[in-house]
Amino acid sequence: MNPSGSSNSPQSNPPKREPAGRGFNWWWIYLFILTFLLFPLFSNIFSSGEEITWQKFERDILPRKAVEKIVVVNNEKAEIYIKKEFANDSAFKDVLKPAFGKGESPGPHYIISIGSVESFERKLDEAEKNFSADERINVSYVKKTNWTWGILSWVLPFLLLFALWNFLLRRSGGMGGGVGGTSIFNFGKSTATLIEKQKSNITFDDVAGLEEAEMEVREIVDFLKNPETFTKLGAKIPRGVMLVGPPGTGKTLLAKAVAGEAQVPFFSISGSEFVEMFVGVGASRVRDLFKQAKEKAPCIVFIDEIDAIGRSRGKGAFLSGANDERESTLNQLLTEMDGFGTNSGVIVLAATNRADMLDPALLRPGRFDRHIYLELPNMKEREEIFKVHMRPLIMDDTIDIHFLAGQTPGFSGADIANICNESALIAARKKREKIGRDDFLDAIDRVVAGLEKKSKIISPEEKKIIAYHEAGHALVSWLLSRVDPLVKVSIIPRGKSLGAAWYLPEEKQLRSETTFTEHLCATLGGRAAEDIIFGEVSSGALDDLEKVTREAYMMVTYYGFNKKIGNISFYDSTGQRDMGIQKPYSEETGKLIDEEVRKLVGEAYERTKGILQQNKESLQKIAELLLRKEIIFKDDLESILGKRPETSVKKS
Ligand code: ADP
């Protein structure tokens, strides 16, 4: 019962993004260049004359002696210019009228396509044979090159390639985590989200149950508010604070609360956003982030999942090519942190759940020298967190916060926030006026085991197997005193599972060898019950067997519970060793470990079967009740088995 998951926090603000340099639209430039190139083409179109045939020219234009000159262009066409004095002549009025403005069009006014220059000259001579020398038309020859098409045919492919490249970059940037809409002009920019001071309205009031951590970060708030009190005495303020803890324990929340309390801007970025497909992007983003932060000082920079860049350098370098990029990003981060003065007003908060994986350089004094450990909340802290998240809810009097906190051991703050929200959704779906205790219990079940799937089709035979399987778990855990107390058993499919037994784990820091073995037996109870009742086993125990194997290996290799292996632990708290590649023990020890684990699980299985054989009648009764009611509670079990036996041995 240790679900993880994040919640949709009621306090989170819609963040304001400020990636610099994005206001300028490059498409304007493209449009400008294109218009510039196309302009001559259009101007040509506007000024070109009416296309006519030689016959029309010879019949209608030539005899009127209106032609001023003829220009033969590129030996292909003859451009005919009409004398200005014919502007009022009805035949030429239209062609002499300019496309824009006043006066007369400069021409050419008519165009004739000519087959060849020789035949054109011949025809003209023929047509003009009765003309006097003065009346003969001047003919000149020119060569014109159309630069527009020339330039376009060169530039257009480049423009197209450029546009395509830009488009692809945008696409890949969008998918690769560059949330700010990466384009080639800003992919080195930081994608940090900036929450301005007036918008960060989260305070320590919204953070519950993290008293010690809160005390530690209060000092930062004081510094950001009144730096002189500290600097006056020559004190140096920490530049970096590392928040370490499992997901959902409120690391981001605490950082936001610091910013909210101190009323300073808050930059938030995830470590993975530094890592892109381009080499050097990470480092340049770090540079940019700190540049922006310094401009806004005093402020807080929050780097979530810092392990994405801050993992120990050099480790596994031969395995991943991405290592170089991560290393240069980390180096840049270290340089930046060394670069700004202790009292510059930029404080970096970073969060991780794997502090052991981080590069020692990152943790040395002067960088992230303060470490604040956040843990999963205990009973009292859970009560506090429930209170915070129940503030906006409308609830009836049946809600008992103490009881709810008791039902949620191992839950993180995010899980509790999620339960509160789920319960409101469940109550709303039932069209209730107020949220009740049942809604909360349903929400807890849902968070633990997923949504009920009553529609899942299960045959009666399967249902019977599931009932006996769950009854096996229930009975064994009931009879073994060190297994956590049972709350309820259900054979309604939920999430991925077909049935489930709910336990209420007691919050203890130490577990004895006996507790471990009894736990193994309870987990094997389902398979053992199938074995006894049906004489064969099903695939339904996959999850159980996985758990049993993991625990059994932990008992032998980590906790030194095995006599033959002795008081030796192969646990690696630094996370530096890759167990998949190099085992820290010899081959013989490896074999011995496997043998001992198999023996341990085998013995636990035999013991479980023995317990069930002795109580076969009770097993059948529980299974039948389950088949009838689908869900049974502790009281139902008590009515069949009597009160749960208490041992004289103090539990641990
Ligand atoms: P982390 O950064 O440790 O993964 P978050 O700070 O993002 O976790 O927590 C997610 C949400 O869980 C928060 O927005 C908040 O609603 C809730 N939460 C977690 N811890 C606490 C707490 N101690 N008090 C109140 N709410 C909490």
Side-chain angles (χ1 to χ4, degrees), residues 2-15 192-193 195 199-218 220-221 240-261 266-273 300-308 310 348-355 357-358 368 370-393 401 404-405 408-425 440 443-444 447 507:
N2 192 3
S4 62
S6 65
S7 87
N8 27 2
S9 131
Q11 301 102 343
S12 54
N13 293 305
T193 306
I195 298 172
K199 291 215 179 142
S200 178
N201 51 5
I202 296 176
T203 63
F204 286 140
D205 264 0
D206 301 306
V207 185
L210 298 176
E211 254 118 66
E212 286 120 35
E214 227 178 275
M215 290 279 283
E216 294 217 34
V217 290
R218 257 182 209 284
I220 298 172
V221 176
V241 176
M242 183 74 71
L243 300 165
V244 186
T249 40
K251 299 182 291 289
T252 316
L253 188 73
L254 198 63
K256 277 189 189 161
V258 172
E261 287 279 341
F266 177 78
F267 287 90
S268 157
I269 193 165
S270 165
S272 56
E273 278 176 52
I300 286 180
V301 172
F302 177 66
I303 307 175
D304 205 358
E305 297 170 37
I306 195 160
D307 38 312
V348 190
L349 299 183
T352 178
N353 48 358
R354 296 293 313 266
M357 297 280 283
L358 294 177
F368 290 100
R370 299 250 165 144
H371 303 168
I372 299 179
Y373 290 90
L374 307 186
E375 282 173 6
L376 288 174
N378 60 26
M379 173 93 174
K380 198 171 152 292
E381 289 162 348
R382 285 197 302 275
E383 269 181 49
E384 304 282 318
I385 300 175
F386 262 115
K387 278 185 202 155
V388 167
H389 291 283
M390 280 177 175
R391 273 186 218 151
L393 305 182
I401 295 183
L404 288 177
T408 47
F411 280 43
S412 68
D415 293 325
I416 294 175
N418 196 10
I419 286 171
C420 290
N421 192 45
E422 274 298 326
S423 66
L425 293 177
F440 270 97
I444 294 174
V447 170
E507 285 168 43

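Both ligands and their constituent atoms are indexed starting at 1 by order of listing. Atom set for the values below is all heavy atoms of this structure, side chains included, hydrogens, waters and symmetry mates excluded.
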Open item on the list: Are Cys420 and Leu393 packed together at the side-chain level, in the sense that at least one heavy-atom pair is separated by less than 4.5 angstrom?
Closed with: yes

- [ ] Would you indicate whether the side-chain heavy atoms of Val217 and Phe204 approach each other to under 4.5 Å?
- [x]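 Of all side-chain heavy-atom pairs linking Val217 with Phe204, at least one is under 4.5 Å.
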
Could you pull out, from [options], the option with a heavy atom nearest to [atom]?
atom                    : options                        : answer
atom 3 (O) of ligand 1  : Lys251, Lys256, Glu214         : Lys251
atom 20 (N) of ligand 1 : Ala351, Ala213, Gly245, Gly250 : Gly250
atom 7 (O) of ligand 1  : Thr252, Asp205, Asp415         : Thr252

If you measure from each non-hydrogen atom of [X] to ligand 1, which part falls under 4.0 Å: side chain, backbone, both or neither?
X      : result
Leu210 : side chain
Ile385 : side chain
Asp206 : backbone
His389 : side chain

- [ ] Identify, by atom number and element, the atoms of ligand 1 in contact range of Pro247, meaning under 4.0 Å from any of its heavy atoms.
- [x]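 By the 4.0 Å cutoff, the relevant atoms are 4 (O).
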
Task: Enumerated ligand 1 atoms positioned under 4.0 Å from heavy atoms of Ala208 - done: 22 (C), 23 (N), 24 (N), 25 (C)

Open item on the list: Tell me whether ligand 1 is touched by Gly248 - counting only heavy atoms on the residue side and a distance under 4.0 Å.
Closed with: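 Contact check Gly248 vs ligand 1: positive.
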
Open item on the list: Before you tell me yes or no, could you show the steps for Met242 and Ile306 under side-chain contact (heavy atoms from CB on, under 4.5 Å), namely the whole-Å CA-CA distance, both residues' side-chain angles and the distance that decides it to 0.1 Å?
Closed with: CA-CA 9 Å; Met242 183 74 71; Ile306 195 160; 3.9 Å; yes

- [ ] Only one of Glu384, Glu383, Arg382 passes side chain to side chain contact (heavy atoms under 4.5 Å, CB included) with Ile416; say which it is.
- [x]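 Option passing the side chain to side chain contact (heavy atoms under 4.5 Å, CB included) with Ile416: Arg382.
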
Task: Residue of the set Leu243, Leu349, Thr249, Asp206 for which side chain to side chain contact (heavy atoms under 4.5 Å, CB included) holds with Leu254 - done: Leu243

- [ ] Please say whether Leu253 places an N or O atom under 3.5 Å from an N or O atom belonging to ligand 1.
- [x] yes

Open item on the list: Just verifying a value: how many Å separate Asn418 CG and His389 NE2, rounded to the nearest 0.5 Å?
Closed with: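 It comes to 10.0 Å.
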
TODO: Over all heavy atoms of both residues, which pair between Ala351 and Phe302 is shortest? Give the atoms and the distance, please.
DONE: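 Looking at all heavy atoms of both residues, the closest pair is CB-CZ, 3.7 Å.
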
Open item on the list: Parallel, tilted or perpendicular, judged at 30° and 60°: which one describes the rings of Phe386 and Phe440?
Closed with: perpendicular

